Protein chains: 2
Amino acid sequence: MTSSDPPPVGSAFLLTQLGTHAAQAFAARIGELDLTPPQTGLLRAIAGAPGSSQQALAELLGTPATRLVALVDGLEQRGLVERRRNPTDRRLHAVHLTDAGTALMADIGRVARQHDDAVLAALDGDEKARLRELLAKVAADQGLTPGVHPGYKNLR
Amino acid sequence: MTSSDPPPVGSAFLLTQLGTHAAQAFAARIGELDLTPPQTGLLRAIAGAPGSSQQALAELLGTPATRLVALVDGLEQRGLVERRRNPTDRRLHAVHLTDAGTALMADIGRVARQHDDAVLAALDGDEKARLRELLAKVAADQGLTPGVHPGYKNLR
DNA sequence: TATTGTTATACTCTATAACTATA
DNA sequence: TATAGTTATAGAGTATAACAATA
C-alpha cells in the first residue's frame with residue numbers, strides 16, 4: 001500500500017485505545033478525591049476482604065509486597081486504613097478500613113458511576129448491556145480476575 | 001471474610017481492565033520483533049504519513065517533541081527510518097521508512113492480526129463485529145484519534 | 001524574533017535486593 | 001530455617017527546561 005487509506009485497526013487495538021482513555025479519565029476524576037488509581041484499587045480490595053494480610057493483598061493484586069507496603073503507608077498516613085497486629089502471629093498485619101476509609105468508599109462509588117456514565121454516554125441502555133456482556137465474555141476467557149486491574153501485575 | 005458479594009464493577013472498568021490486558025499482551029508479542037509499543041505506534045504513524053516533520057508527528061501523536069526525537073533516534077539507529085533534510089527549509093527533518101522499515105511493517109501487521117485473534121478468541125464472528133461496532137461508537141464519541149494510542153498524550 | 005530539532009536534567013513509578021522481627 | 005513486613009537502592013520511562021541551528 002502506498003498511503004492515503006487509514007491503516008485498518010483491529011478490535012484489540014480499539015480495546016487498548018479505549019481502555020487507556022478510560023483509565024486516564026478515571027485517574028482525572030479520582031484525583032479530585034486525592035487518590036491515585038492504584039490506591040483506589042487497593043481500597044477496593046481491602047473493602048472486599050477486610051482484615052487480609054499484606055501478603056494476601058499482594059497476592060490478590062499480583063504485585064510485589066514491597067509495592068503494597070508503600071501503598072498501605074500512604075493510605076494509613078491519611079487515616080483511611082489501619083494495620084492491626086495479629087496477637088497469635090505477631091508477624092501479620094491485618095489491614096482494615098477506618099471509618100474515614102469506609103466513608104470514602106461511598107465517594108469512590110459515586111465517582112465510578114459518573115465515570116461509567118461519561119465514558120459510555122454514546123450508548124443507549126440496550127447497547128450498554130450488550131457491550132458489558134461481550135466484554136465480560138472476553139475478560140473471562142482471558143483469565144482476568146474480576147475487579148482487579150492488570151496494571152498491578154509484574155510482567156518481567 | 002465477611003462480605004461475599006463481589007463488588008459490582010462498571011463497564012468502564014471492564015474496558016480499562018481489558019484494555020490494559022490487551023496492551024500487555026501486545027507488548028509481549030511485539031517484543032519478539034524487538035519493538036516496544038510506542039515504537040510500533042510511531043512506525044505506524046510514519047507509514048501513514050511518510051515525510052512528516054518530527055513536529056507534525058509529535059502533534060499527531062500528542063507527545064512532546066523531545067520524546068519523539070528519542071523514539072526516532074532508536075528507530076534510525078536500527079535502520080528502520082531515516083531523516084531527510086528539507087533543502088528548502090533546512091530546519092525540517094522529514095521522516096521516512098527505510099526498506100527495512102517497510103518490510104518490518106508487514107511483520108507488525110501479522111503480529112497485530114495474531115494478537116487480535118488471541119484476545120477475541122472467545123467471540124464468534126457476529127459477536128466480534130458487534131463488539132467492534134460498539135467500541136467504534138464509543139471511541140468516536142470520546143474524541144479518540146483513530147489509530148493513535150492515548151498513551152502518548154501528556155496529561156498534566 | 002520565531003521555529004525545528006536536540007541535549008541535559010529531574011521526576012515518578014516500580015522492581016530487585018538486602019534487612020528486621022517473629023515464628 | 002522460613003515467613004511477614006520493611007527499608008534501601010536502582011532502573012525504565014517520561015516530562016521540563018535549556019540550548020543550537022535555521023529561518
Side-chain angles (χ1 to χ4, degrees), chain A residues 20 23-24 27-28 30-31 34-42 46 49 51-77 81-96 148-156, chain B residues 20 23-24 26-28 30-31 34-42 46 49 51-77 81-96 149-156:
Chain A
T20 302
Q24 290 175 349
I30 210 68
D34 276 312
L35 288 174
T36 64
Q39 287 176 325
T40 308
L42 175 55
I46 295 169
S52 298
S53 72
Q54 297 183 175
Q55 289 281 345
L57 289 170
E59 169 75 14
L60 171 66
L61 297 180
T63 194
T66 176
R67 185 180 173 193
L68 208 122
V69 168
L71 282 172
V72 172
D73 282 349
L75 297 178
E76 190 176 42
Q77 282 162 21
V81 306
E82 61 182 9
R83 291 170 160 109
R84 298 187 198 155
R85 274 210 121 107
N86 182 332
T88 308
D89 183 342
R90 293 177 45 74
R91 290 174 305 183
L92 277 70
H93 281 178
V95 184
H96 293 264
V148 175
H149 192 287
Y152 289 98
K153 286 260 163 55
N154 179 357
L155 292 176
R156 55 187 98 159
Chain B
T20 302
Q24 290 175 349
F26 182 72
I30 210 70
D34 275 313
L35 287 174
T36 64
Q39 287 176 325
T40 309
L42 175 55
I46 296 169
S52 299
S53 72
Q54 297 183 175
Q55 289 281 344
L57 289 169
E59 168 75 13
L60 171 66
L61 297 180
T63 194
T66 175
R67 184 180 173 193
L68 208 122
V69 169
L71 282 172
V72 172
D73 282 348
L75 296 178
E76 191 176 41
Q77 282 162 22
V81 306
E82 62 181 8
R83 292 169 160 108
R84 297 187 199 154
R85 274 212 122 108
N86 182 332
T88 308
D89 184 341
R90 293 177 46 77
R91 290 175 303 183
L92 277 71
H93 282 179
V95 184
H96 292 264
H149 192 286
Y152 289 98
K153 286 257 164 56
N154 178 358
L155 292 175
R156 56 187 93 158

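What you see is a predicted model; the values in this text were computed from it and never measured. Lettering of chains follows the sequences in order, A, B, ..., and the numbering in each one begins at 1.
Residue R83(A) holds its CZ atom at 12.5 Å from CG of L92(A), rounded to the nearest 0.5 Å. Between L35(B) atom CG and L75(B) atom CG the span is 7.5 Å, to the nearest 0.5 Å.
Annotation: side chain of Q24(B) is in contact with side chain of P150(A) (closest heavy-atom distance under 4.5 Å).
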Could you go through L61(A) and V148(A), starting from their C-alpha distance and side-chain angles, then the distance that decides it, and tell me whether this counts as side chain to side chain contact (heavy atoms under 4.5 Å, CB included)? CA-CA 6 Å; L61(A) 297 180; V148(A) 175; 4.1 Å; yes

Carefully, step by step, assess I46(B) and H96(B) under the rule side chain to side chain contact (heavy atoms under 4.5 Å, CB included). CA-CA 7 Å; I46(B) 296 169; H96(B) 292 264; 5.7 Å; no

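As a whole-Å value, the separation of R67(B) CZ from dC11(C) C1' is 15 Å. Taking atom CG of residue D73(B) and atom C1' of nucleotide dT7(C), one finds them 10 Å apart after rounding to whole Å. Spacing between atom NE2 of H149(B) and atom P of dT14(D) amounts to 11 Å, rounded to whole angstrom units. For the pair L68(A) CG and dC13(C) P, the computed distance is 16 Å after rounding to whole Å. If you take NZ of K153(B) and P of dT14(D), they are 15 Å apart, rounded to a whole angstrom. Regarding R83(A), its CZ atom lies at a distance of 9 Å from the P atom of dG5(D), rounded to whole Å.
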Are there any protein N/O atoms within less than 3.5 Å of an N/O atom in nucleotides 18-23 of chain D, and if so, which ones and at what distance?
unit_1	atom_1	unit_2	atom_2	d
dA23(D)	OP1	R90(B)	N	2.8

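Judged by distance alone, with hydrogens and angles left aside, the side-chain atoms of R84(A) form no donor-acceptor pair with the main-chain N or O of A94(A) at under 3.5 Å.
Taking every side-chain heavy atom of T66(B) into account, dT7(C) is the closest of dT14(C), dG5(C), dT7(C). For T63(A), taking side-chain heavy atoms from C-beta onward, the closest of the listed nucleotides dA8(C), dA15(C), dA4(D) is dA15(C).
Nearest approach of L71(B) to P38(B), heavy atoms of both residues: CD2-CB, 4.2 Å. When every heavy atom of Y152(A) is checked against every heavy atom of Q39(A), the shortest pair comes out as OH-N, 4.5 Å. Nearest heavy-atom pair, A49(A) versus S52(A), reported as atom, atom and distance to 0.1 Å: O-OG, 2.6 Å.
Two residues, Y152(A) and H93(B), neighbour DNA chain C, and the one matched to the more 5' nucleotide by heavy-atom proximity is H93(B). Both A70(A) and L92(A) lie near DNA chain D, and the one whose nearest nucleotide falls closer to the 5' end is L92(A).
The stretch residues 54-62 of chain A touches DNA chain D through Q54(A), Q55(A), each having a heavy atom within less than 4.0 Å of the strand.
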